[in-house]
Each structure stands twice: as structure tokens, then as C-alpha cells.
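Each remark here refers to the structure printed beneath this line.
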Number of protein chains: 2
Amino acid sequence: MTDLYYHPLCPHSRFIRLVLGEFGIEPNLIEERTYERRREFLLMNPAGTTPVLVEDHAPPVPGAGTIAEYLDETCGLGLGDRRLLPDHPVARVEVRRLMGWFNHKFFAEVSDHLVREKIYRRFMTADQGGGAPDMDAVRVARSNVRYHLRYIGYLIRSRRWLAGDTLSYADLAAAAHLSSVDFLGDVPWAEDETAKSWYARVKSRPSFRPLLADRVMGMTPSPTYVDLDF
Amino acid sequence: MTDLYYHPLCPHSRFIRLVLGEFGIEPNLIEERTYERRREFLLMNPAGTTPVLVEDHAPPVPGAGTIAEYLDETCGLGLGDRRLLPDHPVARVEVRRLMGWFNHKFFAEVSDHLVREKIYRRFMTADQGGGAPDMDAVRVARSNVRYHLRYIGYLIRSRRWLAGDTLSYADLAAAAHLSSVDFLGDVPWAEDETAKSWYARVKSRPSFRPLLADRVMGMTPSPTYVDLDF
């Protein structure tokens, strides 16, 4: 049994859901509102962030990067040629560079702002920092997303997938973060056709289906969110 | 030959310098002022951050976390019992959790603010964002460092090293970030004797010596910075 503590629009949780999907693991999803700072959750992950993976008879595995490395170490070889963190150390550098790019840089510049301001703050109490979105943060994130989209387009013009010839953690991290932003209608897809066609390829994978079914109370996803031919 | 593009007070560069020291690798250090956004450097690391490791006949390895994983994969087994990322996947989870804690959380909450405001901005032009330090950011960082120090003390009361019985990447990451803050005189060591005694142990390692010799133009380190019995 695999439990995943997550939030539907948390981009790091989405990355791990895609990874688990590619491994053929169907987790038991447990929604965690990190801003409530639940004591039992903080004991599993003192950093207080989603996702946290819990397997039978093993200590909790907190954090998207750590979970991805753990799953590669424990199940990676089972994927054979489809391994998401490739075998060679040099190829792994490029996958980790881009996984870090999206999990840290894109998150700090884009997806953290948008998800916090437009989703989390709507459900937080005033004490927790809830309230109307800070539109300055939203505007900065909407501006930043454009150069990340161009960077994806730039990479995909010379490679089949983001980090090389095969699908990797880099693609799943990038698509996960973009999917949270796309739910909110804030990805200017028309600005880069190459990036858009890469995203359409990731979005059509079976591992992506559960993400497209996500709904957050009171929120309607953008019209293109579930459309595979957006 | 191993080149390391770094900045003397960049905490991520310091982490990798400690790691290389533990591996017995003496890098050729090349100072990089990331805020100058030098084209050749951006080609090696499009994220524009230090450190970047360059070995003969191999592509550049950018980013502290990626370099640490790469060195473990290429040289880790050579350390035998002293391997800095332990063999077992569950033990690796704890090391990676804490390595991430310091490289991302401590950086975002403490060391990034202090190094940027008190060091980088002094050398930046007005166009690059230079000028007097933002004292609000400095105050927030000085307040945040206290709970991280308590967390180190809490862990060390039940373990010999941060992530378990042996020295690991977790200790080197934590000590690297703290050393940048200590250079600036902003670690309230008196608040946690356990954390202080752990830091003294890391600081007395041979791998730490080159860091204690660092000087930044026009800056004098805090009186306790080089003192092993601070």
C-alpha cells in the first residue's frame, strides 16, 4: 500500500503523482492542507510541505526530489529502457538539472505564487494568511511563465524530450508545474507552439489522466485544462 | 583537473567545496560573479547560479544538489564506510531530506537574504540591483536562523551527526550555509550549545580549512569565524 499526502493543485504533488503513474503505482491519495500545520503531518515532514510518500513498513519519504530519487533507487531498474532517471551519470546530470529547474526555479518564480495566491489563500483563515490574492505576485508570475515556456520550446527544438531522447523526470516535473498554472488559465500557450506540442504529448499519457479529473472546491479549471487538443 | 566556478560566500559553493574536500579532490577555484550574467557562464548553467563543476572531457555539472549526486555516483563507493550519501535507500532519504532542508529552506529563509543583502549588493552596480542592504530582509533572516539552530540542536541530541551515525551530505550542507552566515556574524551560537558543539566538530575537519581562509574584498569576517574554539 502506498499513501501519498498531497494537495490537488500542489505542483510538487502532481509531479509525484505523474511519476507514480509512470511506475504503474496507484497511490491512496490523502489531501493535506499544509497551512493548517497538522501535528501528525509535521511529524512526517518537519518542513510542512506536500507531497509525502508513505509505504508499508518504511519511514515516510518527504519532498518531491527525495521521493523521485527514492523511487528511482527502489523501482527504477524495473522500467528498463523507460527508466525516468537514465543510467549514465552524465545523462542523470541533465535530468536532475531540469528537474531542479522546475521544482525550485519555476516554483519560486511562477507556480508557488499562483497556487498560493489564487488557491491556498482562498481557503486559509485570516490567521493563516488567507484573503484576497496579492495581484502584484500574480502579475510577476504571469510574466515569468513566458520565458520558461520559451526555454521549453528552445530545448524541444533540439531534443525529443526535455532532457534527451526519452521521457524523464524533467518532463514530468515541468508538466506538473505547468499543469497547476494551466488549471488557473495562466499559461500563454499561443506564444510557443513547440512548447505547446511537447505539453500535449505529456498530457496525453495515461499517467496524466488523474490530474485532469482534479477539481478544487469552488474552482472551475480553465477551458483548455482538460482538452487534449487545446 | 576539476574546475569549480564559485563565489567565496555562496553557501552552495561552500557545500561543494566541503564535499570535494572530503573526497580529497582539490579543485581549481574560479570566482564567478553571477550578477554579471557572463555569457560563457550562462552557457554552462542557464540558471545562472554557482556552483558549477567542470571535469576534463565531461559536460559541466551545475547546481549543488546535482553535483553532490554526481560525485556520489562517480566517486561515492571509493569512500567505503565514510560514504557521504549512505548505501541504503531509507538512510539516503534522511540525508536528502536534510540536504534539501539546508540547500533550499535555510537558503530561502536565511542565507540567501544575508549573503545577497550584505555581500553581493555591495559589489553590484545600480543596474544589477546593487545598493544599501534591505534591512527588513536582514532582520527576517536573523530571526529565522534561530529556529534552524534549534532544529540542529534537536537532531544532534538524538544522533551523532545530523542524519544519523555518520557524517553525511546533510552535515556539510548545514555547515556550509551556517558558515556564510557566521562569516557575517549573524549566528547566535550562544542560543544552542548542542548545535554549537556539532558545528565545532564539522569546522575542525581538514575539508573546512580552505573556507576559513576566505576573504571578500573589504569585508572582515566576524571574530569567531576562524576560531575553532569559538
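Chain A is the first sequence line, chain B the second, and so forth, proteins listed ahead of strands; every chain is numbered from 1.
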Any chance CD of A/Gln128 has more than 12 other-residue heavy atoms, nucleotides or ligands included, within less than 6.0 Å? yes
Hey, is CG on B/Asn28 packed in by over 12 heavy atoms from elsewhere, all under 6.0 Å? yes
Minimum heavy-atom distance B/Thr66-A/Arg97, with the two atoms named: OG1-N, 3.9 Å
What residue, out of A/Arg92, A/Glu94, A/Lys105, has the most heavy-atom pairs lying under 4.5 Å from chain B? A/Arg92
Do other residues, nucleotides or ligands put more than 12 heavy atoms under 6.0 Å from B/Asp87 CG? yes
Interatomic distance, OG1@B/Thr49 vs NE2@A/His104, rounded to 0.5 Å, equals 11.0 Å
Count the heavy atoms belonging to other residues, nucleotides or ligands that lie under 6.0 Å from CG of A/Asp81, then report whether that count exceeds 12. no
Chain B interface, residue from A/Pro46, A/Gly63, A/Pro59 that has the most non-hydrogen pairs under 4.5 Å: A/Pro46
Would you say A/Arg39 has more than 12 foreign heavy atoms packed within less than 6.0 Å of its CZ? no
Just wondering, do A/Pro60 and B/Val93 contact through their side chains at under 4.5 Å, heavy atoms? no
From A/Glu73 CD over to B/His88 NE2, what is the distance, rounded to the nearest 0.5 angstrom? 10.5 Å
